[in-house]
Amino acid sequence: QERRTNSFSYSTYHTLDEIYSWIDNLVSEYPKLVSKINIGHSSEGRPLYVLKFSTGDNKPAIWIDNGIHAREWITPATGIWTAKKIASSYGKDSLVTDIIEQLDIFLLIVTNPDGYSYTHSTNRMWRKTRSINVGSQCVGVDPNRNWNAGFGGPGSSSNPCAETYHGAYPHSEPEIKSVADFILDHGNVKALLTIHSYSQMLLFPYGYTNSLAPDHEELNELAKKAATALSSLYETRYTYGTTIATIYQADGTTTDWGYDNGIKYSYTFELRDTGKYGFILPASQIIPTAEETWLALVEIMKHVKDHPY
Amino acid sequence: QNLYVGDQVLRVYARDNVQLELLRQLVATEHLQIDIWRSPTKLGLSMDVSVPFTSLQGAKVFLESNNIPYSIMIEDVQALLDQEQQDMKASRL
């Protein structure tokens, strides 16, 4: 058991229990800034814990989630490092302090805890949730095809055995419903950042249609700035653009749902790819990945702070 | 525990729309049990597919007979997973 966040190893991958224990430690070390909110449960009953970074007063908020695809281990690892960075920078780094004094930050480190747990116990390459599909032997839904935005379109699959199965209906997955309900109930989320791996891309709406978002130009400019900031540290090359134009048509995704529900700054990160390991990114790359991603996150958070709407 | 002994991950490049369509056919062939790790359908971007050991020959024959370039990204997925487990154990110690 690692009882203090300072002695926690940020350069290795951790189980769900270790991550949840670490969350408690972070909250106890920064009680005036960080709190833990249980926003719901997974289909197998695991809690969904969100870290809230706030100085009080229910300010406009930035949402960040990691680990929606179970096998993308680098994303919760990056989320842990990011949480510590936010907490330890407040009051020391003027930009981070300014951001937190004007905006709350919600950080979900493991969006798909059932899947994540399954990757540690049974199948390292599992991607989906672990919900039962009535009438099928195949388990799980792709949680990034389950959102109510272009749900069920050709950029997803109706086959429960497929990796991109969209589920029986929008928000059928309790993990997705919990997040969607939380964000809608909050009512003042201004940015939604969802962290994936491993294509080195920064994507924004839309994925389900070729139509450009009304805020396309601003989103594109900000993506360019964020990708440039990210690359400045280790020269990691990022491409950016709309999901549909940059990679493929994808229906029912987080960012499209966010944008369609009034959250202008909706982005998907695809973290680094060494070109050699795919999802099995060596643990030695966790901290460099988190460090470079942080620069892009800060660029976006600063823009959100400076452009209220 | 799922075992991936001998499974490989191939990085495949589609040069034109015809090859892209052939790739879609390949991954849609259910009995090959190909798992798409990264699936850009845009020309010029690579696609990473995890291929079970038993389907390797069929998949490679398909790619080579259609002149679709590919490289082996991961030689043996299980070896890499074993290494990852060892690294995690060592880190805990």
Tell me, side chain or backbone of A:H69 under 4.5 Å from chain B's heavy atoms, or both, or neither?
-> neither

Heavy-atom distances under 4.5 Å only: say whether A:T15 touches chain B with side chain, backbone, both or neither.
-> both

Chain A contact via B:I36 - which portion, at a heavy-atom distance below 4.5 Å | backbone

Segment of B:Q83 engaging chain A (4.5 angstrom heavy-atom cut-off) | neither

Going from CH2 on B:W37 to CD on A:E163, what distance comes out if it is rounded to the nearest 0.5 angstrom?
-> 11.0 Å

Considering only NZ, NE, NH1 and NH2 on the basic side and carboxylate oxygens on the acidic side, decide whether B:R38 and A:E270 come within less than 4.0 Å.
-> no

Counterpart residues, side-chain contact (heavy atoms from CB on, under 4.5 Å), relative to B:D82 (two or more places apart) = B:Q78

How about B:L80 and A:K276: do any of their side-chain heavy atoms sit closer than 4.5 Å?
-> no

Give me the contact list for residues 279-287 of chain A versus chain B, heavy atoms only, anything under 4.5 Å, ordered by residue number.
-> A:F279, A:I280

With rounding to the nearest 0.5 Å, note down the distance linking OG in B:S91 to NE2 in A:H14.
-> 6.0 Å

Nearest heavy atoms of B:M88 and A:Y13, plus distance in Å | CE-O, 3.6 Å

Where is the tightest heavy-atom contact between B:D35 and A:R71, given as atom of each residue plus distance?
-> OD2-NH1, 2.7 Å

If you count the non-hydrogen atoms of other residues, nucleotides and ligands that lie under 6.0 Å from CZ in B:F53, is the total more than 12?
-> no

Please report the shortest heavy-atom distance between B:L81 and A:M125, naming the atom on each side.
-> CD2-CE, 3.8 Å

Checked A:A162, A:S121, A:C161 vs chain B; the most non-hydrogen pairs under 4.5 Å come from A:S121

Does any pair with a residue in residues 55-93 of chain B pass disulfide bond (SG atoms under 2.5 Å apart), and if so which ones, sequence neighbours excluded?
-> none

Above 12 or not: heavy atoms from other molecules or residues under 6.0 Å from NZ of A:K224?
-> no

Please test A:R124 against B:Q85 for side-chain contact (heavy atoms from CB on, under 4.5 Å), starting from the C-alpha separation and ending with a verdict.
-> CA-CA 10 Å; A:R124 173 67 180 83; B:Q85 286 282 354; over 6 Å; no

Identify every side-chain donor-acceptor pair in residues 198-205 of chain A under 3.5 Å, counting partners at least two apart or on other chains, and give the distances.
unit_1	atom_1	unit_2	atom_2	d
A:Y198	OH	B:D48	OD2	2.7
A:Q200	OE1	A:D273	N	2.8
A:Q200	NE2	A:R237	O	2.8

